[in-house]
Colleague: 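Sharing a structure with you now.
Atoms within each ligand, like the ligands themselves, are counted from 1 in listed order. A quick note: this is a predicted structure, and the numbers were derived from the prediction, not measured. Below, all heavy atoms of this structure are taken into account, side chains as well, without hydrogens, waters or symmetry copies.
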Amino acid sequence: MRRASEAVIEAVDVRLDLGGGPVLAGVDLRVDRGDIVAVLGENGSGKSTLLRCLAGLQPGVSGEIRVFQRPPVDAAWFWRDVACVADEPAWYPGLTVREHLEMMPAVHGEARMRVDAALDAFGLTKRADMAPLAMSTGQRQRLSMAMAMIRPSRLLLLDEPERGLDPAFRERLAAAVTGYTAEGGTVVMATHDLPLVEATGARPVTLEAA
Ligand SMILES: Nc1ncnc2c1ncn2[C@@H]1O[C@H](COP(=O)(O)OP(=O)(O)OP(=O)(O)O)[C@@H](O)[C@H]1O
C-alpha cells in the first residue's frame with residue numbers, strides 16, 4: 001500500500017465552470033513522488049485549466065486539491081517547491097539568456113546544474129549573449145524550460161512543453177524530464193506529443209471535454 005506521504009498531488013472531484021459552462025466536471029488525480037503524468041485530451045478539454053488549478057492559480061475551483069499535503073496557493077512558499085512552464089514568461093529587459101539563467105540560482109540559493117551545463121543541455125550555448133526576445137519561439141521555449149530546470153524544485157508543471165520545439169530537441173526534452181524524476185522530482189505535463197509521452201514513460205491521464 002502506498003503511504004500518504006508519497007502523494008505529491010491528491011485531487012478529488014475537481015470542478016470548474018467558466019463562462020457559464022463546465023470546463024472540469026469531477027476530475028480525480030493522484031500523483032506520487034517520482035511519477036511523470038501526461039495530461040492528454042483534445043483542444044479545450046481542460047488540460048491547461050487543470051494545471052492552473054494544481055498551481056493554485058485558478059479561482060472558482062471546487063473539490064479538493066492538495067499539493068504536498070496542502071492546498072496550492074500562488075505564494076512564495078508554494079513556488080519554492082513547484083516550478084511551472086506554461087505561458088511565455090515576461091523576459092527581464094536588458095538581461096541576456098545567460099543572465100536569465102544566472103538569476104535562478106542567485107534567488108533560489110542553489111542550482112540543479114551549472115549555468116554552462118544548462119545552456120548546453122538546452123542547446124543555447126551559442127545564444128548565451130542574446131536577448132531572449134531576439135530568439136525564435138522554440139529557442140525561447142528552451143530557455144523557459146532551462147530556467148525551470150536549473151533551479152531546485154520538487155514538482156514540475158509543464159503546459160505543452162513541446163511547444164515550438166523541433167523533433168531532435170523533443171528527444172532532449174524527454175531526457176530532461178526523466179532526469180528530473182530520477183533525482184526524486186515529480187512531473188505533470190499537459191501535452192499533445194505522444195512520442196514525448198512514450199519516451200518519458202509518462203502515465204497518461206486523458207481529460208474528456210466537459
Ligand atoms: N476565462 C475563460 N472563460 C470562459 N471559458 C474559458 C476560460 N478559460 C478557458 N475557458 C474554456 O475552458 C476550456 C478548456 O480550456 P483549456 O485551455 O484548459 O483547454 P486545453 O485542453 O488546455 O486546450 P488546448 O489543447 O487547446 O491547449 C475551453 O473550452 C476554453 O474555452
Colleague: Does the pair D17/R15 count as a salt bridge with the N-to-O cut at 4.0 Å?
Modeller: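 Here D17 does not pair with R15 in a salt bridge, since their nearest N and O are not under 4.0 Å apart.
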
Colleague: Any idea which protein heavy atom is nearest atom 26 (O) of ligand 1, and the distance to it?
Modeller: N43 ND2, 3.0 Å

Colleague: Between ligand 1 and G41, can you find any atom pair, the residue atom being a heavy atom, that is separated by under 4.0 Å?
Modeller: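 For ligand 1, residue contact (heavy atoms, under 4.0 Å) with G41 is absent.
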
Colleague: How are the rings of F169 and F122 set relative to one another: parallel (under 30°), tilted (30 to 60°) or perpendicular (over 60°)?
Modeller: tilted

Colleague: Within a distance under 4.0 Å of any heavy atom of L18, pick out the atoms of ligand 1 and give their elements.
Modeller: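 Taking each heavy atom of L18 in turn, ligand 1 has 2 (C), 3 (N), 4 (C), 5 (N), 6 (C), 7 (C), 8 (N), 9 (C), 10 (N) under 4.0 Å.
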
Colleague: Side chains of L158 and V177, heavy atoms from C-beta outward: is any pair under 4.5 Å?
Modeller: yes

Colleague: Which ligand 1 atoms are under 4.0 Å away from a heavy-atom of E42?
Modeller: 21 (O)

Colleague: In Å, rounded to the nearest 0.5 Å, how long is the span from NE2 of H192 to CG of N43?
Modeller: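 It comes to 4.5 Å.
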
Colleague: Which heavy atom of the protein is the closest neighbour of atom 27 (O) of ligand 1, given with residue, atom name and distance?
Modeller: E160 OE2, 3.0 Å

Colleague: Only heavy atoms of T49, strictly under 4.0 Å: list the atoms of ligand 1 that pass.
Modeller: 14 (C), 15 (O), 16 (P), 18 (O)

Colleague: Kindly indicate, with the supporting measurements, whether the criterion side-chain contact (heavy atoms from CB on, under 4.5 Å) is fulfilled by T181 and T200.
Modeller: CA-CA 10 Å; T181 54; T200 55; over 6 Å; no

Colleague: Does H192 approach ligand 1 within less than 4.0 angstrom via side chain, backbone, both or neither, non-hydrogen atoms only?
Modeller: side chain

Colleague: Should you measure from each heavy atom of K47, which atoms of ligand 1 turn up under 4.0 Å away?
Modeller: 18 (O), 19 (O), 20 (P), 21 (O), 22 (O), 23 (O), 24 (P), 25 (O)

Colleague: Within 4.0 Å of atom 23 (O) of ligand 1 (strictly less), any protein heavy atom?
Modeller: yes

Colleague: Any chance you could measure H100, atom NE2, to L143, atom CG, to the nearest 0.5 Å?
Modeller: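 Separation between the atoms: 6.5 Å.
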
Colleague: Nearest protein heavy atom to atom 11 (C) of ligand 1, by residue and atom, and its distance?
Modeller: V23 CG2, 4.0 Å

Colleague: Return the closest protein heavy atom for atom 13 (C) of ligand 1 as residue, atom name and distance.
Modeller: G44 O, 3.5 Å

Colleague: Nearest to atom 17 (O) of ligand 1, what protein heavy atom do you find, and at what distance?
Modeller: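 For atom 17 (O) of ligand 1, the nearest protein heavy atom is S48 CB, 3.8 Å.
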
Colleague: Return the CG to CE distance between L40 and M189, rounded to the nearest 0.5 Å.
Modeller: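 Answer for the CG-CE pair, L40 versus M189, is 8.5 Å.
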
Colleague: Can you find a pair of side-chain heavy atoms, one from L124 and one from M130, that are under 4.5 Å apart?
Modeller: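 No, every pair of side-chain atoms sits at 4.5 Å or beyond.
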
Colleague: Within the protein, is there a heavy atom lying under 4.0 Å from atom 7 (C) of ligand 1?
Modeller: yes

Colleague: Would you check if there is a donor-acceptor pair between the side chains of T191 and E162 at a distance under 3.5 Å?
Modeller: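 Side-chain D/A pair, E162 to T191: present.
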
Colleague: Would one find an N or O of S45, backbone or side chain, under 3.5 Å from an N or O of ligand 1?
Modeller: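 It does: an N or O of S45 is found under 3.5 Å from an N or O of ligand 1.
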
